[in-house]
Amino acid sequence: MEGLNQPFLSENEIQATLAPPLSPFLLRKLYLGHFLSRWGARMWEFSVGLYMINIWPDSLLFTALYGVVESCSIALFGPIIGNWVDKVSYIEVLRIWLLTQNLSFMLAGGAVFILLTDSSLKSAQFSIFIGLIILVNVSGAVGVLSSLSGTILVEREWIVEMSKNQPSDVLVELNSVIRRIDLSCKLLAPVFTGLLISFVSLGASSLALLFWNVLSVFVEYWLLRSVYQGIPALNERRKTRTQTSCSENLLVSSYSAEETGGLPSQMETSLTVAKCWHEKLFKRILKAPAIDAWVVYVKQTTVLPGISLSLLYFTVLSFGTLMTAALEWEGVPAFIIGLARGMSAVVGISATLVYPMVHSHLLCLRTGLWSIWSQWCFLLLCVSSIWVHNNQISAWMLMGGVAASRLGLWMFDLSVIQQMQESVPDSDRCAVGGVQNSLQSFMDLMQYVMGIIISNPQEFWKLIIISFASVTVASMLYSFHTQRISKSPLPLQ
């Protein structure tokens, strides 16, 4: 009876089950490699709206069209990329990701430089002008798709594998640092690019983008390859993935043999085929990479938080291409937009510092609830800016509301990501990550479609209203999920 009052494992036994601490040297390499990769992507993300509004002035059409191409690409190919990352080796994903991302942004930067420096193309050589616009759109979309594969690899795979058999707070810390790096790039890259545009030229910023990707690709690969080779958990996971793939192939072969053999007669075979061909066709459709990934996604307990997070992408209330182009049209200088976007990122970085503290008191579920409603409250300032007649004051209210709302947004993002990391099985993690990014991009696509329909910058207020409604729906949906999971009407009970 005395043994019942004692813990099952002593503190020493618990410590013995933990893996050795992660090497700080390798972690710094991971963080630096991630920083270099995200810097180039954030430079392009900020600049492309300014490029398009200058290539085709007085209209958001080209800006919105680029957004449609980019978002549609991720919405269509996101699940396929998730499955692909899950099936091939980590090192192969790393190579293809870095090569295609950097090469794509190099091509896009070069094409933009030609469009900005040769103003006669639009009138004298319109076919070349359109060809370069297509090149910018396709290269940018491929670059973002490549970035998606890197995001899935690092944020959905490596971090989770590295934190296994580690103290429970390691995953929270890794998530927070990776998000902090991304937001730091979102802070610094636009400020650097905005200053370059304002005090040098748009063409100079496109050349800076080109040369950055030329120089950084080799350093990124060396850093991240060192991390892969130096952390045993990543190599162990590679072996498990290989063994799982072989087992699945054996099961498929066995199943096929059972389907094609052992039938008593040709007549019975014909009857069976006539009866079940539609069922087999349906099963094959479900097993297609994109469809199969969606089926896996909707079966997860985190489907409602994932949908709520994706709804936050159906908005122009961010320093994305449409809002950046609209502010440029209003006469706000590029370096001011860059600084405001930087302040937005500072708030986002603070969210990665606040999140672990709030998480320690409220855990993931309720941290997400408080976060999404705090975002909603700050966005009321953006809605209020519609009725301010002074354009400069209205613009500052819009930028201030968006910047302040990033605290809730990024805390909610971290909360949903951690819920997925903790509850989604290892075998489904990449597929779920690919679908989640695909769903977010579909919502992003919808805002660009709205930008095409409402392309007059004077009517940008309509897009603000639609965006706020989307955030409201997301907040209510997550509140319903929290209520259902916690079985409590009060978020702090």
Side-chain angles (χ1 to χ4, degrees), residues 32-57 62-63 65-67 69-70 97-125 128-147 150 182 184-221 319-321 324-325 327-328 332-339 341-342 345:
L32 181 56
H34 187 64
F35 171 81
L36 295 176
S37 172
R38 296 310 298 158
W39 182 277
R42 291 301 189 184
M43 283 180 69
W44 173 252
E45 180 186 285
F46 172 74
S47 304
V48 65
L50 300 177
Y51 295 151
M52 292 302 183
I53 197 70
N54 278 273
I55 291 170
W56 198 270
F62 270 30
T63 304
L65 282 174
Y66 172 78
V69 172
E70 179 186 297
W97 155 39
L98 293 178
L99 178 63
T100 53
Q101 175 183 312
N102 288 274
L103 181 61
S104 297
F105 288 147
M106 286 163 54
L107 290 174
V112 165
F113 179 76
I114 296 172
L115 287 166
L116 292 172
T117 54
D118 191 348
S119 57
S120 64
L121 283 176
K122 190 186 302 183
S123 55
Q125 296 175 301
I128 297 178
F129 174 79
I130 293 298
L132 289 171
I133 292 292
I134 293 173
L135 178 61
V136 171
N137 279 265
V138 172
S139 298
V142 172
V144 173
L145 281 172
S146 304
S147 299
D182 186 32
S184 297
C185 293
K186 197 171 185 177
L187 160 66
L188 299 172
V191 172
F192 170 76
T193 306
L195 290 171
L196 199 58
I197 291 171
S198 296
F199 297 106
V200 185
S201 68
L202 274 168
S205 71
S206 65
L207 283 181
L209 175 71
L210 189 156
F211 286 116
W212 172 267
N213 286 278
V214 170
L215 298 174
S216 66
V217 60
F218 303 104
V219 180
E220 292 169 30
Y221 179 71
F319 286 94
T321 52
T324 300
L327 291 170
E328 170 84 1
V332 181
F335 77 95
I336 293 295
I337 301 174
L339 288 172
R341 183 181 173 122

Query raised in the report: For Ser139, which residues count as a side-chain hydrogen bond (donor to acceptor under 3.5 Å, both in side chains) partner, sequence neighbours excluded?
Result: none

Report summary line: Residue set satisfying ring-ring contact (aromatic ring centres under 6.0 Å, His included) with Phe192, at least two apart, ordered chain then number -> none

Requested in this report: State, to 0.1 Å, how close Leu36 and Trp212 come at their nearest heavy-atom pair, and which atoms those are.
Outcome: O-NE1, 3.6 Å

Requested in this report: Return yes if some donor-acceptor pair links the side-chain N/O of Ser206 with the main-chain N/O of Gly203 below 3.5 Å, else return no.
Outcome: yes

Query raised in the report: From Asp118 CG over to Gln125 CD, what is the distance, rounded to the nearest 0.5 angstrom?
Result: 7.0 Å

Requested in this report: Mind running side-chain contact (heavy atoms from CB on, under 4.5 Å) on Met106 and Val217 for me, showing each step along the way?
Outcome: CA-CA 11 Å; Met106 286 163 54; Val217 60; over 6 Å; no

**Report entry** Side-chain heavy-atom pair Phe105, Val142 within 4.5 angstrom cut-off
**Finding:** no

Report summary line: Smallest heavy-atom separation, Val219 atom then Leu215 atom, equals CG2-O, 4.0 Å

Query raised in the report: Between Gln101 (side chain) and Val144 (backbone), is there a donor-acceptor pair under 3.5 Å?
Result: no

Report task. With sequence neighbours excluded, give me every salt bridge (charged side-chain N to carboxylate O under 4.0 Å, His left out) pair touching residues 39-53. Result -> Arg42-Glu45, Arg42-Asp182, Glu45-Arg341

Report task. Say whether Ser205 and Tyr51, considering side chains only, have a donor N or O and an acceptor N or O under 3.5 Å apart. Result -> yes

Query raised in the report: When rounded to the nearest 0.5 angstrom, what distance separates CG in Leu116 from CG in Leu202?
Result: 5.5 Å

**Report entry** Distance-minimising heavy-atom pair for Leu196 and Ala204
**Finding:** CD2-O, 3.8 Å

Query - Pairing residues for Phe129 by the ring-ring contact (aromatic ring centres under 6.0 Å, His included) criterion, not counting sequence neighbours - result: Phe126

Query raised in the report: How long is the gap from OG1 on Thr324 to CD on Glu328, to the nearest 0.5 Å?
Result: 9.0 Å

Report task. Check the pair Phe199 / Phe335 against ring pair (Phe, Tyr, Trp, His ring centres under 6.0 Å), numbers first and verdict last. Result -> CA-CA 9 Å; Phe199 297 106; Phe335 77 95; 5.6 Å; yes

Query - Side-chain heavy atoms of Phe113 within contact of Leu209, under 4.5 Å - result: no

Query raised in the report: Which of these, Leu195, Thr193, Val200, sits in a side chain to side chain contact (heavy atoms under 4.5 Å, CB included) with Ile197?
Result: Thr193

Report summary line: Residues Leu50 and Asn54: closest non-hydrogen pair is O-ND2, 2.7 Å

Query - ring-ring contact (aromatic ring centres under 6.0 Å, His included) involving Tyr221 - partner list, sequence neighbours excluded - result: none

Report task. Look only at the side chain of Asn137 and the backbone of Ile133, and say whether a donor-acceptor pair between them is shorter than 3.5 Å. Result -> yes

Report summary line: Closest non-hydrogen atoms of Ser146 and Thr100, given as atom of the first, atom of the second and distance, are OG-OG1, 2.6 Å

Report summary line: For Trp39 and Cys185, the nearest pair of non-hydrogen atoms, with its separation, is N-SG, 3.6 Å

Query raised in the report: Partners of Phe62 by ring-ring contact (aromatic ring centres under 6.0 Å, His included), sequence neighbours excluded?
Result: Trp56

Query raised in the report: With a 4.5 Å limit on heavy-atom distance, are the side chains of Leu121 and Leu132 in contact?
Result: yes

